[in-house]
Structure formats: C-alpha cells, structure tokens
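Order of listing sets the numbers, starting from 1, for every ligand and every atom in it. Position 1 is the first residue of the sequence, and the numbers go up from there. A quick note: this is a predicted structure, and the numbers were derived from the prediction, not measured.
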Amino acid sequence: MRDKYNREIDYLRISVTDRCNLRCSYCMPDGINKVTHDDILRNEEIIELVKEAVKIGIKKVRITGGEPLVRKGIYDLIKEISSVKGINEVTMTTNGVLLIGNVKKLKEAGVSRINLSLDTLKKDVFKSITGKEMFDYLELIKELKDNGMEPIKINVVLMNGINSDEINEFVELSQKYDLLIRFIELMPIGHLEFSWEDHYLKNEAILKANPNLKLFKEDLNTRYYKEDNKPGAIGLINPISKKFCSRCNRLRITSDGKIKPCLHKDDEIDIFDLSTSIYDKLKEAVESKPEEHDIDESKENEITRSMNRIGG
Ligand code: SAM
Ligand code: SF4
C-alpha cells in the first residue's frame with residue numbers, strides 16, 4: 001500500500017519484547033520494565049497482526065526488541081511468522097549474545113539475515129556501554145558465515161568520546177572479514193544515561209577519518225562506502241544529520257501492541273482498541289505516516305518512548 005507521499009509501505013518491524021539481557025547506556029540503562037508480561041503481544045496476536053499486515057501489502061518482517069532472543073519460544077514464533085503466506089523475508093536485529101550456538105536454529109526457523117549490534121571491539125568499553133561482559137563476536141561472525149547468513153551487517157551507534165576512537169578498527173574489521181559495518185547516529189530517543197549532545201557525533205566523522213572510502217552504493221537508509229579493491233564496506237545511517245524519510249517503507253509494532261507510523265514521533269495506534277479492525281488500524285497507520293520527522297540537532301523534539309520498547 002502507498003502512503004500519502006507515494007511511498008510503498010511493505011516492511012514491518014515487530015518488537016517482540018521490551019526486555020533485554022544488556023543495559024546499553026543509550027537505550028535502557030536502568031533496565032526497568034514498566035510493561036508486564038500480560039501487556040506484551042502474545043504469539044497468536046502477532047500472527048494475526050502479520051496476516052492482516054499482508055493484506056495492506058507488507059512483505060518483509062524484521063523481528064526486534066528489546067532483545068528478541070530473550071523472548072520465550074522465539075524460534076517457534078519466527079517459524080509461524082515465516083510461514084504466513086505473503087511474507088517473503090524475515091530478518092532480525094539482535095545484540096548477538098544469545099545467538100552463539102543457535103545460528104542454525106534461527107536459520108531453520110526462517111530468518112535469512114541478521115543485523116548484529118556491536119558498538120565496540122574493546123572489552124572494557126563493552127562493559128561500560130552495556131553493563132555486561134563482552135561475548136566472542138568473532139566466533140559469532142564465523143558461525144554466521146558457516147551457515148551462509150550473509151551479508152553480515154553490524155550496526156555501531158557512533159558516540160563521541162565513547163567509541164569514536166575505534167572507527168579505524170571497525171573499518172579494518174569490515175575489510176578483514178568482508179562485513180557491512182554500519183554506523184548509526186545517536187538519536188535523542190528514550191532515557192539516555194548521558195546528555196545526548198555530549199556524545200552525538202555526525203557520521204561524516206567516519207569519512208574524515210578515512211578519506212580512502214568512496215561511495216559505491218545506496219539503499220533505503222544507508223550510504224555504503226568502500227576502499228578500492230578491498231572487501232567489506234562501511235555504511236552510514238544518518239537519521240539526524242541527513243534524514244531519509246522520503247524513502248521510508250515501514251511501520252513498527254511495539255512490544256505492547258501499538259502501531260507506530262514513524263519511529264521519530266510519539267504518535268501510536270493501539271491494536272487493542274476494539275473500535276476498529278486491525279486491518280483498518282494498519283491502513284490508518286500507513287495513511288497517517290508523516291512526510292518526515294522533526295528531530296534535528298536542536299534536540300527540541302525528543303521522543304519519550306525508549307528504543308527497547310519501540311524496536312529499533
Ligand atoms: N537488542 C537488539 C539490538 O541491540 O540489536 C534489538 C533492539 S535495539 C533497540 C535495535 C537497535 O537500536 C540497536 O542497533 C541499537 O544500537 C539501536 N539504538 C537503541 N537506542 C538508540 C539510540 N538512542 N540512538 C541510536 N540507535 C539506538
Ligand atoms: Fe538491549 Fe538492544 Fe537496547 Fe542494547 S540496544 S539495551 S541490546 S535493546
């Protein structure tokens with residue numbers, strides 16, 4: 001289905017839990033869950049929603065959270081989602097901690113690709129960002145490759161003074177293991193443990209630090225750069241310094257059953273409001289998608305719902 005601005009909306013991101021096994025300082029540092037288990041969408045509600053979403057033209061689903069792999073029965077839920085007629089791709093965004101040893105199982109459940117979030121390659125910095133011990137990400141990369149889960153995309157939230165000194169290490173990692181490493185600008189969303197402006201850094205810092213990187217392709221939200229004759233690539237996702245709203249193709253479902261027409265706005269449509277059907281609510285969400293979000297470096301329009309509850 002097309003929205004008012006002629007964008008084809010065919011992609012649904014579902015947050016299957018607001019819980020997480022990490023405590024990222026820019027996402028859910030206090031780990032407090034205001035949502036009880038009873039308020040989280042149940043498997044049958046998610047499946048019904050996906051079936052209705054197919055009717056408005058959704059073809060791809062991304063499973064996210066919180067950390068999707070902490071949800072009980074997640075592999076069975078994925079199997080059910082992937083077998084919904086009309087869904088031709090299921091992907092996942094994960095911090096990877098619980099994925100080691102389970103890649104084959106995830107693939108067999110129907111996930112064809114994952115985005116792995118990894119903000120640092122240093123053990124001490126990992127501990128200070130996430131509150132937990134570093135896991136063996138190289139082992140996970142190997143397991144993903146062995147199972148043909150490629151291209152492997154790694155998402156890094158760029159934070160000035162926290163991981164901005166690791167840009168070159170990430171570039172080297174992408175070249176050594178042929179990875180797509182994508183830097184995401186820090187967003188003023190939710191309850192950051194620090195002041196957003198203290199650590200926000202425009203993604204152009206990456207290109208300044210690596211003048212040999214040359215633009216070679218662009219997709220919906222990412223510009224990819226690479227060095228001549230080297231494997232791997234670096235992607236820049238710039239939601240703040242260069243909006244990509246004109247190419248937005250998605251709706252989001254929060255873990256507690258709200259449809260979000262736009263990540264960067266507080267507007268939500270409650271699935272449990274019985275006055276209209278789920279199909280009508282999904283249509284309404286597409287029709288009410290704004291032309292673009294209002295967040296910029298002035299930080300005047302912060303979003304109050306944190307990313308673990310929206311599903312990044
Ligand atoms: N737990 C999973 C993970 O970390 O990949 C999935 C959920 S997490 C909310 C999804 C993505 O949102 C992660 O890549 C995370 O780094 C990103 N994210 C969370 N808060 C953010 C913020 N304030 N600014 C930019 N990205 C953020
Ligand atoms: Fe958890 Fe992902 Fe949020 Fe980190 S970014 S706290 S891993 S949901």
Side-chain angles (χ1 to χ4, degrees), residues 13-33 35 40 61-71 74 91-99 106 111 113-120 125-135 137 140 144 152-160 162-164 170 180-203 221-222 235-241 243-244 250 252-255 260 263-264 293 295 297 299 301-312:
R13 287 193 173 207
I14 307 175
S15 173
V16 294
T17 178
D18 65 330
R19 286 159 204 253
C20 188
N21 47 348
L22 300 185
R23 296 285 176 267
C24 299
S25 52
Y26 53 79
C27 180
M28 53 180 304
D30 51 14
I32 292 170
N33 290 301
V35 183
I40 297 289
V61 170
R62 176 170 293 276
I63 315 284
T64 180
E67 172 50 40
L69 294 174
V70 304
R71 180 171 168 132
I74 183 69
T91 56
M92 176 181 277
T93 302
T94 172
N95 61 36
V97 175
L98 297 173
L99 195 51
L106 190 73
V111 169
R113 281 184 299 113
I114 66 148
N115 286 359
L116 175 66
S117 304
L118 181 70
D119 301 325
T120 176
V125 182
F126 188 89
K127 179 91 198 249
S128 75
I129 295 176
T130 69
K132 303 283 158 117
E133 297 302 330
M134 180 91 157
F135 67 106
Y137 63 85
L140 180 56
L144 289 164
I152 301 174
K153 289 185 183 169
I154 296 188
N155 291 345
V156 184
V157 178
L158 182 65
M159 290 171 282
N160 199 16
I162 296 179
N163 61 1
S164 48
F170 275 111
L180 301 179
I181 296 194
R182 309 187 309 165
F183 287 91
I184 306 175
E185 286 177 344
L186 179 68
M187 295 182 273
I189 290 188
H191 310 278
L192 282 71
E193 197 175 51
F194 43 75
S195 290
W196 172 79
E197 52 273 64
D198 286 352
H199 293 295
Y200 168 72
L201 183 61
K202 280 187 192 165
N203 259 343
N221 61 0
T222 314
L236 303 188
I237 304 180
N238 307 340
I240 308 292
S241 67
K243 295 178 192 184
F244 38 81
R250 63 202 60 181
R252 288 184 158 81
I253 309 293
T254 68
S255 52
K260 274 188 83 72
L263 167 66
H264 299 272
H293 68 74
I295 298 185
E297 287 163 8
K299 205 187 153 229
N301 295 294
E302 281 176 277
I303 301 301
T304 50
R305 187 189 261 273
S306 54
M307 280 295 263
N308 68 302
R309 294 188 51 220
I310 300 172

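- Taking all atoms of both residues into account, the shortest heavy-atom contact from S255 to D18 is OG-CB, 3.5 Å.
- Counting heavy atoms from C-beta outward, T91 and I63 have side chains that stay 4.5 Å or more apart.
- Heavy atoms of G66 approach ligand 1 to within less than 4.0 angstrom.
- Residue-to-ligand polar distances keep N115 apart from ligand 1: every N/O pair is separated by 3.5 Å or more.
- Atoms of ligand 1 lying under 4.0 Å from at least one heavy atom of V157, given by number and element, are 16 (O), 26 (N).
- Of the N or O atoms in L192, none lie within a sub-3.5 Å distance of an N or O in ligand 1.
- Listed by number with element, the atoms of ligand 1 under 4.0 Å from a non-hydrogen atom of E185 are 25 (C).
- Listed by number with element, the atoms of ligand 1 under 4.0 Å from a non-hydrogen atom of G65 are 7 (C), 9 (C).
- For K127 and E133, the salt-bridge test passes: some basic side-chain N is under 4.0 Å from an acidic carboxylate O.
- The T64 neighbourhood of ligand 1 comprises atoms 6 (C), 7 (C), with distances under 4.0 Å to a heavy atom of that residue.
- Residue-level proximity to ligand 1 for D119 is absent, since no heavy atom of it falls below 4.0 angstrom.
- Taking the side-chain hydrogen bond (donor to acceptor under 3.5 Å, both in side chains) definition, one finds that S117 meets it with nothing, sequence neighbours left out.
- Near S117, meaning under 4.0 Å from one of its heavy atoms, ligand 1 places the atoms 3 (C), 4 (O), 5 (O), 13 (C), 14 (O).
- Judged as a side-chain hydrogen bond (donor to acceptor under 3.5 Å, both in side chains), and not counting sequence neighbours, N221 has no contacts.
- Those atoms of ligand 2 that come under 4.0 Å of a heavy atom in C20, given as number and element, are 1 (Fe), 6 (S), 7 (S), 8 (S).
- Under 4.0 angstrom from ligand 1, the non-hydrogen atoms of T93 come from both its backbone and its side chain.
- Taking a cut-off of under 4.0 Å to the non-hydrogen atoms of N95, the atoms of ligand 1 that pass are 2 (C), 3 (C), 5 (O).
- Here the side chain of D119 pairs a donor or acceptor atom with the backbone of V157 at under 3.5 angstrom.
- Between P68 and T93, the shortest heavy-atom contact is CG-O, 3.2 Å.
- Contact analysis puts G66 in contact with ligand 2, with a non-hydrogen atom separation below 4.0 angstrom.
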